[in-house]
Amino acid sequence: MIDLEAARYRWHPVASSTDLVPRHVFQAQLLGREMALWRADDGNVNAWENRCLHRGVRLSIGINDGRELVCQYHGWRYANRTAGCTYIPAHPADAPARTICNNTYPAVEKHGLIWSGEKPDGQIPSLDVLDTTSITPLRGVTINVPLENIALPLIDYYSSGQRGASGDSVVHYGADTPDPFLLILHAHGHLHTSANAQAVDTPTPDIAFFFQPLDAARTAVRGVLCGVDEHNIGSAALIALLKQHSFMLCRARDIIESGHRDKPVPTPWTPYIPKVSDRHASMPPLTSAGQQAKLRVRLSAIENLSPSVKTFRFQALNTQIESAAPSVLPVAQPGAHIDIHLPNGLVRQYSLINGPGQTDHYAIAVKRLDDSTGGSHALHDSLKVGDVLATSVPRNNFTLRRDAEHTHLIAGGIGLTPLLSMARALDHSNLPFTLHHFIATETDAINRAELENMSAAVHWHVGQDVQQTQDTLSALLDAPTEHHHVYICGPGAMLGFTRETAATRGWADESIHFEYFKNPDVVDDSSEFNVELARSGLSLQVPAGKSLLSVLREHNVGVQSSCEQGACGTCRVEVLEGEPDHQDVYLSDTEKAQGNCLMSCVSRARSKRLVLDL
Amino acid sequence: MIILYDYELSGNCYKVRLLLSMLNVSYEKKAIEFYPAAEHKTDAFLSINALGQLPVIQTGDLTINDSHAILVYLARQYDKSDTWFPISDPVRLAQVTQWMCFADSLTSSASSARLVNGFFYDLDGEACRQEAHRLFRIFDEHLWFNEREDHLWVVPGKTPTIADLACFAYVVLSEEGGISRMDYPAIRRWTDRVKRLAGFVVMPGVFPAGPGPVHVLPANDTFPSAGTAEA
């Protein structure tokens, strides 16, 4: 028996590199555990637990859309690299929780093979004793026999001078087994093949056989030929060589299996599959409050998109190749934003513009504003590549539904950023949408080439004054259409007009989705009121001049926040009794009228007393 | 109008539905309940096919039974591209015939195991599975070497043939008979390719492949990188 526990800490081959063709999901097995292996369009190889977190269906029958893996059963989508769930079709209006993240395993390509493991902490086996100038993987062959019973009969078979159908002469091999998982055969003598009329004399390569423990009674033999100059010997001779070895391996397999037929079959290994991976198993502490800076990221690139707009790309710190747990950034969905803690002490919110599957970085686009309160200036003027910054995890209070018959994206100026991420997702999934971008001058049309290449209609409205803009918006929202959804982001006045017009024309509140840059209204904090916290058992007085959020914090009641001006929706609190005095621009009019929640950073009470679900 | 005597869960009927759809031929289905009613053994059906087997097609006065015979007829009658059943090329014609015979041996192994699991047939399921695995090993090796020479289909050549459809049905349904395809990566890639053919339709137990190129090569294929869209 192999040492199962030690084997968990090794790297094992799980596939050939050529097995992972584009838009395919490979079904692998290692130590009794099934894995779904897939290569994203950006080349990244994913090795995941082969089960959907929802109902346990194998992800290897799912759809690799190049950016994300989609479960066949209920369409849950998981992002390249992070395996974080980005969309649940049954809950189209909600962003999936951060804990919905599949188990991932490291995956590395070496020797023409894909290597993975449960928690590998050493090196991938070296082939330094052989000529590794060129490595030719053989066709992998599964043998239904335990791993420890394979090396010796395989050495016997190869060294007894077996020959394949097209072999004219015999090769002798010297065997070396550095460990139970690797067999090296040093070739002596020549192999003649007759792939075509004239017998081709090919060099006789040394062979390394890696043994992949599929399960207690099953082993894959993954061989590689070392030092075959594929260009020199020609494709016909190469295929003849591969066929020769495939024939020999299959014959050896049949001999090994029949020699093992009467042996007892060992009990299959049962892999431990945690319900939630370790890094997601902890819930945030109850007292967590305020603007949290959980992540450390490195600014990896700055690009000019226009004279006043730059993109900033951030990468996770300490991403290591061949590390058992490479650091990955928490997954985000279209519409998500992060708080960035700037060197000047300011905390600002920026929408991520990443497309689906672009999970190795966070990208934001920032316009340098003359009336900036310091955020865009700090980013544009003082940051340089290599700087390390603190950010929050992505939050999504502007989620994109994907069940609309048509999606209308309306952007004012740099308000394009969340909608750009949405457009990328919709376009990649071939979902119908239209994008309207209102800009002051032609130079403000960022990412124009990319947007023009999309299947959707994209319109740029350049240099319109207030009246013209309102006329265009009025025409767009002429009559409400069922199952159409509108997403709008831009200056406050534009959003105000759009929401008003949509409401007048009869659009349902829940089909108009909006995100403000900032709250354009002045907060009136002159009222005073009493709050009772139903779960904490506290009764607190909120005086004039102080926000509900700050009073809660003084009493160590945890409420997360981000923008702290009533625009982003992070500090939402449920209201059980009393009448809120809404002063935010996040909730829709319908939600405000329902009165069962409020934004604790700016909103207050019309009644003397509020009871909150805290 | 072609009438297809059809059972939704039958792999042999599925082969015919696939080709009808891929050739864009309209037809009318007559449902014959194979299980549990055993309508294929009733006098009414035996008068149409004395063998009591599905599928059968009728068009005008013509009645054809046997799924592979129907595939041959449909390909010759409706395939304007003349590629699905290549009669003008003796080598490929022989290869198509050979792999259709292979598909019959899948019917007596992989399909029989499915009849045991899903339809309570009194057969030796374990023996059926063993035979199916022996055939899958041979089929996987064949497809692996086809890929090596940029041949994407069962019979080498630029286009799929009715041999692909004949083999596809009971390969893709094998898991319902307890036959995993995990050990056959070249077979799994080939099923993706068949699923991406224009006109492909699913049946219960068969899942679509999602968007992607049909002409996938195993290595060094150029494909737009996700990074190129990034500004």
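Proximity of B:Arg148 to A:Lys243: side-chain heavy atoms (C-beta onward) are nowhere separated by under 4.5 Å.
Taken to the nearest 0.5 Å, the CG atom of A:Asp215 stands 8.0 Å off from the CE atom of B:Met182. Atom CZ of A:Arg58 and atom CD of B:Glu175 lie 6.5 Å apart (nearest 0.5 Å). From A:Gln29, atom CD reaches atom OG of B:Ser180 across 8.0 Å, with rounding to the nearest 0.5 Å. With rounding to the nearest 0.5 angstrom, the CD1 atom of A:Ile61 is 11.5 Å from the OG1 atom of B:Thr191. Taking CG from A:Leu138 and CH2 from B:Trp144, the interatomic distance works out to 7.0 Å, rounded to the nearest 0.5 Å.
Chain B forms more heavy-atom pairs under 4.5 Å with one residue of A:Thr142, A:Asn64, A:Val141 than with any other, namely A:Thr142. Contact count versus chain B (heavy atoms, under 4.5 Å) is highest, among A:Arg218, A:Arg139, A:His428, for A:Arg139.
Other residues, nucleotides and ligands place more than 12 heavy atoms under 6.0 Å from the CZ atom of A:Arg448.
Of the atoms belonging to A:Leu242, heavy atoms from both backbone and side chain fall under 4.5 Å from chain B. For A:Ser60, the parts lying near chain B are the backbone and the side chain together; criterion is any non-hydrogen pair under 4.5 Å. In this structure, no portion of A:Asn304 lies under 4.5 Å from any heavy atom of chain B. For A:Ala15, no part lies near chain B; criterion is any non-hydrogen pair under 4.5 Å.
Of all heavy-atom pairs spanning A:Arg23 and B:Arg196, the tightest one is O-NH2, 2.8 Å. Minimum heavy-atom separation, A:Ile239 to B:Phe145: O-CE2, 4.1 Å.
For the salt bridge (Lys or Arg N to Asp or Glu O under 4.0 Å) condition, no pair includes a residue of residues 91-102 of chain B, sequence neighbours left out.
Although no hydrogens or angles enter the test, the distance criterion places a donor-acceptor pair under 3.5 Å between the side chain of B:Arg188 and the main chain of A:Val25.
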Determine, step by step, whether B:Arg189 and A:Asp19 satisfy the side-chain contact (heavy atoms from CB on, under 4.5 Å) criterion, reporting the C-alpha distance in whole Å, the side-chain angles of both residues, the deciding distance to 0.1 Å, and the verdict. CA-CA 8 Å; B:Arg189 288 191 289 273; A:Asp19 279 329; 2.9 Å; yes

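A search for side chain to side chain contact (heavy atoms under 4.5 Å, CB included) contacts involving A:Val458 returns A:Leu435, A:Leu451, A:Trp460, not counting sequence neighbours.
Of all residues in residues 132-143 of chain B, those placing a non-hydrogen atom less than 4.5 angstrom from a non-hydrogen atom of chain A are B:Arg137, B:Asp140, B:Glu141. Interface with chain A: from residues 202-210 of chain B, residues B:Phe207, B:Pro208, B:Ala209, B:Gly210 qualify, criterion being any non-hydrogen pair under 4.5 Å.
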